[in-house]
Amino acid sequence: MLDIIYRDGRTVAVNKPAGMLVHRSWLDSRETVFAMQTLRDQIGQHVYPVHRLDRPTSGVLLFALDPEAARLLTQQFEQKNIRKTYWAIVRGHLPSDGIIDYPLKYCPDKIAEAHTESVIQDAQTACRCIARTELPFQSALRYPTSRYSWAELTPHTGRKHQLRRHMKHIFHPIVGDTNYGDLRQNHAVAAHLGTQRLMLHARSLTFRSPDGGQTVTALAETDSQWAVWLEQFK
C-alpha cells in the first residue's frame, strides 16, 4: 500500500518509498513491484504518471487520473509552473544559500536511447542549508570527525540526476549516492549510523490542480532512515 498524501477528482499524489521504481523499466527486468501498478490496484482505476523520481529517491510522486489531466499537468512541468523542493543530507558544511548554475551533459540511456547524441544542457539548482552537524566518527583519512549538512534543494531545471550531479560538482555529494557520491563516506555512515539509502527526498510539490484550478502543495514525510539523520541535527 502506498501512502496517498493528496487526492482530488483528477489527481493523486503518493509518498514513494526509496527503492521503488515508478513503472516497468528495462533497467531492472526482474523487478515486480512498481508505484504505478501498485497505486492503480490500490485505488481501482488507471493512473497516468506525469513526472518521475529515480528509484533510490523517496517522496512526492504525482499522477493524473485521466488523459486530459495528464496533458495539463505535463504542460505545467514543461512551462516550469510546478515548484519542487527536495531534502538532502550532504557531505561537509554548506554555505547558507546559493544557486548552482552548472550545465550538465545529457547522458542517454544505453538501451532506450542508444542513438541519441549527448548534448550540453543548462541546469540550475537553488540550495539552502537548513542545519549543520559534526559527528564523532572518521570518514576521511585526514580528519577524526565527519561534517554534514541538511539541505533544501530546489531545481529550476529538470535534468537527469541533476541534484546528485550538482552536489558532486560543488564537492558536497549526497550521502548514500553510489553513482556520484563519496564511497568512503557512504561506508562510514553505514557502519556508524546504519543508514544505507540515498539521502534524497522529494519533500514537496506545488501544482495547479486540473480539478478546479486551485493551487495545491503535496507534502511527503520522511522515513525511518531519515529519522536517524534528523536526530543528528538536534
Side chains of Y86 and V60, heavy atoms from C-beta outward: is any pair under 4.5 Å?
no

Spell out, as yes or no, whether a donor-acceptor pair under 3.5 Å connects the side chain of R10 to the backbone of S209.
no

Is the closest side-chain donor-acceptor distance between S58 and R197 under 3.5 Å?
yes

Sub-4.5 Å side-chain heavy-atom contact between V14 and F63
yes

Walk me through it: do F171 and R91 pass the test side chain to side chain contact (heavy atoms under 4.5 Å, CB included)?
CA-CA 8 Å; F171 304 105; R91 185 189 71 188; 4.2 Å; yes

Decide whether T145 and Q138 meet the rule of one side-chain donor and one side-chain acceptor closer than 3.5 Å.
no

Taking Q225 for its side chain and Q196 for its backbone only, find out whether a donor-acceptor pair lies under 3.5 Å.
yes

Residue pair M167 / L153, side-chain heavy-atom distance below 4.5 Å
yes

In terms of side-chain geometry, is the basic nitrogen of K168 or D182 positioned less than 4.0 Å from the acidic oxygen of its partner?
no

Side chains of T11 and R7: closer than 4.5 Å at any heavy-atom pair?
no

With a 4.5 Å heavy-atom cut-off, do L39 and I4 have their side chains touching?
yes

To the nearest 0.5 Å, what is the distance between CG (L104) and CG (D122)?
9.5 Å

Using side chain to side chain contact (heavy atoms under 4.5 Å, CB included), reason through R208 and V216 one step at a time and then give a plain yes or no.
CA-CA 6 Å; R208 189 176 66 259; V216 174; over 6 Å; no

Would a line drawn from the ring center of W87 to the ring center of W150 be shorter than 6.0 Å?
yes

Are the side chains of V22 and L61 in touch, meaning some heavy atoms are under 4.5 Å apart?
yes

Output field: ring centroids Y180/H161 closer than 6.0 Å:
yes

Under 3.5 Å, is there a donor on one side chain and an acceptor on the other for T85 and T154?
no

Look at the side chain of S146 and the backbone N and O of F137, then say whether any donor-acceptor pair between them is shorter than 3.5 Å.
yes

Salt bridge between R203 and E221, side-chain N to carboxylate O under 4.0 Å?
yes

Rounded to the nearest 0.5 Å, the OG1 atom of T215 sits from the CZ atom of F207 at a distance of 9.5 Å

Just by modelled atom types, is the T57 backbone N or O under 3.5 Å from a matching donor or acceptor in the K16 side chain?
yes

For L183, give me all partners under side-chain contact (heavy atoms from CB on, under 4.5 Å), at least two apart in sequence or on another chain.
N186

Say whether, by atom type as modelled, one donor and one acceptor occur between the side chain of T38 and the main chain of F34 under 3.5 angstrom.
yes

Go through the side-chain N and O atoms of N81 and Q79 and say whether any donor and acceptor fall under 3.5 Å apart.
yes

In the structure I gave you, are the side-chain heavy atoms of C127 and I99 within less than 4.5 Å of one another anywhere?
no

Mind checking what makes side-chain hydrogen bond (donor to acceptor under 3.5 Å, both in side chains) contact with Y102, not counting sequence neighbours?
none

When rounded to the nearest 0.5 Å, the distance separating OG1 of T157 from CD of Q124 is 5.0 Å

Tested for side-chain contact (heavy atoms from CB on, under 4.5 Å) against Y148, the lone hit among Q185, H93, Q232 is Q185

Quick one: CG on L230 to OG1 on T222, what's the gap to the nearest 0.5 Å?
5.0 Å

Side chain to side chain donor-acceptor pair (under 3.5 Å) with T125: of R165, H169, Q162, only one passes, and it is Q162

Before accepting this row, confirm whether a basic side-chain N of the pair D54/R164 lies closer than 4.0 Å to the acidic partner's carboxylate O.
yes

Are the side chains of L205 and H51 in touch, meaning some heavy atoms are under 4.5 Å apart?
yes

Any donor and acceptor pair, going by atom type alone, linking the side chain of D211 with main-chain N or O of G9 inside 3.5 Å?
yes

Sub-3.5 Å donor-acceptor pair from the side chain of Q121 to the main-chain atoms of R159, do we have one?
no

